[in-house]
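To keep things clear, I will list the structure first and then write my remarks on it.
Each ligand, and each atom within it, is numbered from 1 in the order the structure gives.
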Amino acid sequence: MQPVNDRPEWKELEQHAQVMKQQHLFDLFQADADRSERFSLDLGDMLVDFSRQLISGDTFGKLMALARAMDVEGARDQMMVGEKINLTEDRAVLHTALRGGPDEVIEVGGEDIMPDVRASLERMRSFTNSVRTGEWLGFRGDAITDVVNIGIGGSDLGPKMVYDALQDTADNRLKVHFVSNVDGAQITRVLRELDPATTLFVVASKTFGTKETMINARTAKAWVMAAAGNKEAVARHFVATTAAPDKAADFGIAEANVFESWDWVGGRFSLWSAIGLPIALAFGFDRFDELLAGARNMDQHFRARPLAENAPVILALLGIWNTNFLGAKSQALLPYDQALHLFPAYMQQAEMESNGKSVSRNGRAVQYDTCPIIWGATGINGQHAFYQLLHQGSQIIPCDFIVSAKPQVACEGHHEYLLANYFAQVHALAMGNTEEQIRADLQTKGFAEDRIEALLPHKIHDGNRPSTCLLLKELNAYSLGKLIALYEHKIFVQGVIWQICSFDQWGVELGKVLADDIMPRLTEPKTASGNKSELDRFMRFLAAPESAH
Ligand code: F6P
């Protein structure tokens, strides 16, 4: 496998970047009245505007040539038909099948998986209905009022982000809570407010082996059993979403209460599976179906559109341009929509767990940067926190703005102000301001000349800081599904071009193994060896009486 950075298309981009680094977005806009039009993609309910990226038509063409050379389309087709592209775990990668169309046939190991997918969705629908209508009763004969999802990583972040995003559209039949941290403070705080007789727990773990989830689930089980006075109550109050039904049974969850997932669903892409059960419980199954439909729409777009009109491909290539050719080290995600305030945290796992790798598919160390640091927060809050660095910091941080044209919740005067700020920020980042403008402004305000000279360097904004805007008509289940799938496919395309394995996560395994070794030494302090290891020092520190210094 020829390393991507040895390819002529990569070398051409390296040379071309030297030219583009001399350009300024202000001049590029001045020189081309159609720039916004030319560098944007209208997807009907979503507008992808990348005109504020530091690119020219030439850059765009060269990036497309790179994608073609890396056979992005071939790799995409391999993924979507179920080839085992998760090489190190020898698995297919088929989260797209979970939102497949009614006539779709996808084979894994010679068997069509779609009947199982549809059956699982049907089970979710009928279970959701029975809980939401009050037919499903707790141990005291009461209807369920609260659902607690116990899971971590993909088994938490996805459902939690979507629940939060759509909360204002809920009918409030059920309230959903999320417990992920093994720090007992979290589950204690959640349970304090709840009645065990009306609470349903969803133990969400693909492997049903993640220790933090199991510890939290055991605590919840003990809480329910203590209130009910018998263990039969577990069947009324616990369901599992997992690819390991046997382990769920060992935990004591009735077979009928286990919702299946599969090994070809990656943890961080699992919200489309039964892991999305809390979403269906909170909003009704039809709403969950709309989420799937939005994602399916993006899958169809990704599958059908030519590279140059393909939104995930374009986002992926712009990220590569910024990271590998313009030297960006991080990428900010800035939603101007309160409903998306957990979206950056969700994307952190999706992107960094997928592409935070430095070994290529053939096992050799890569000689170029891969995934940048993904971070962000809602825009208007960020403006009063970290935007200073975005505007005038010593590093350039490309930004993705996500903006909803219509507010989810109408509140007079608010949305206009939010939008005005978004427009102001993207303009300021791209265009900056000039010495002349600042001087004129300060003169108008009556500042003395020596004061103006002193202030000038601090008030200059060089601009030329790249951003992309994803403008949604409105945020709802459908557009959210589409947005998530857009980023999922972007991540995939980047992994293909960087030649890395995007679907494993060995980097999180080592710590898990070490923690298992350490755990007995913390619970059995006598086993501390008295040597100088960090753990022994900690044990001595804990055992020593507190002394005033
Ligand atoms: O953090 C590693 C990871 O495997 C994630 O990929 C996954 O989302 C999370 O742990 C939880 O795993 P599980 O659903 O098996 O409990």
Inset, instruction - Looking only at distances, please establish whether an N/O atom of ligand 1 is found under 3.5 Å from an N/O atom of Gly154. - result: yes
Legend entry - ligand 1 N/O within reach of Thr213 N/O, cut-off under 3.5 Å: no
Legend entry - Atom indices of ligand 1, in the order listed, that fall short of 4.0 Å to a heavy atom of Gly153: 8 (O)
Inset, instruction - Output yes when a side-chain donor or acceptor of Arg296 lies under 3.5 Å from a complementary backbone atom of Gly481, and no otherwise. - result: no
Inset, instruction - Provide the number and element of each atom of ligand 1 under 4.0 Å from a heavy atom of Val508. - result: 1 (O), 2 (C)
Legend entry - Between Thr169 and Arg287, a side-chain donor and acceptor under 3.5 Å: yes
Inset, instruction - Please write down residue, atom name and distance for the protein heavy atom closest to atom 11 (C) of ligand 1. - result: Ile152 O, 3.2 Å
Inset, instruction - Around atom 12 (O) of ligand 1, find the nearest protein heavy atom and jot down its residue, atom name and distance. - result: Thr210 OG1, 3.5 Å
Legend entry - Residue and atom name of the nearest protein heavy atom (relative to atom 15 (O) of ligand 1), distance in Å to one decimal: Thr207 OG1, 2.6 Å
Inset, instruction - Side-chain contact test, heavy atoms from C-beta onward, threshold under 4.5 Å: evaluate it for His489 versus Met79 and give yes or no. - result: yes
Legend entry - Exercise: do Thr219 and Asn216 side chains pair donor with acceptor under 3.5 Å: no
Inset, instruction - Take every heavy atom of Glu509, measure it against each atom of ligand 1, and state whether any distance is under 4.0 Å. - result: no
Inset, instruction - Report the nearest protein non-hydrogen atom to atom 10 (O) of ligand 1: residue, atom name, distance rounded to 0.1 Å. - result: Lys512 NZ, 4.0 Å
Legend entry - Close-contact set for ligand 1 against Lys206 heavy atoms, below 4.0 Å: 13 (P), 14 (O), 15 (O)
Inset, instruction - Could you check Leu281, Asp146, Thr198 and say which one makes a side chain to side chain contact (heavy atoms under 4.5 Å, CB included) with Leu174? - result: Leu281
Legend entry - Proximal ligand 1 atoms for Ser205, defined as those under 4.0 Å from one of its heavy atoms: 13 (P), 14 (O), 15 (O), 16 (O)
Legend entry - Ionic contact status for Arg125 with Asp286, cut-off 4.0 Å: yes
Inset, instruction - Examine the side chains of Asp504 and Thr88 and answer whether a donor and an acceptor come within less than 3.5 Å of each other. - result: yes
Inset, instruction - Side-chain contact test, heavy atoms from C-beta onward, threshold under 4.5 Å: evaluate it for Gln186 versus Ser180 and give yes or no. - result: yes
Legend entry - Heavy-atom nearest neighbour of atom 1 (O) of ligand 1 within options Glu212, Gln505, Lys211, Glu353: Glu353
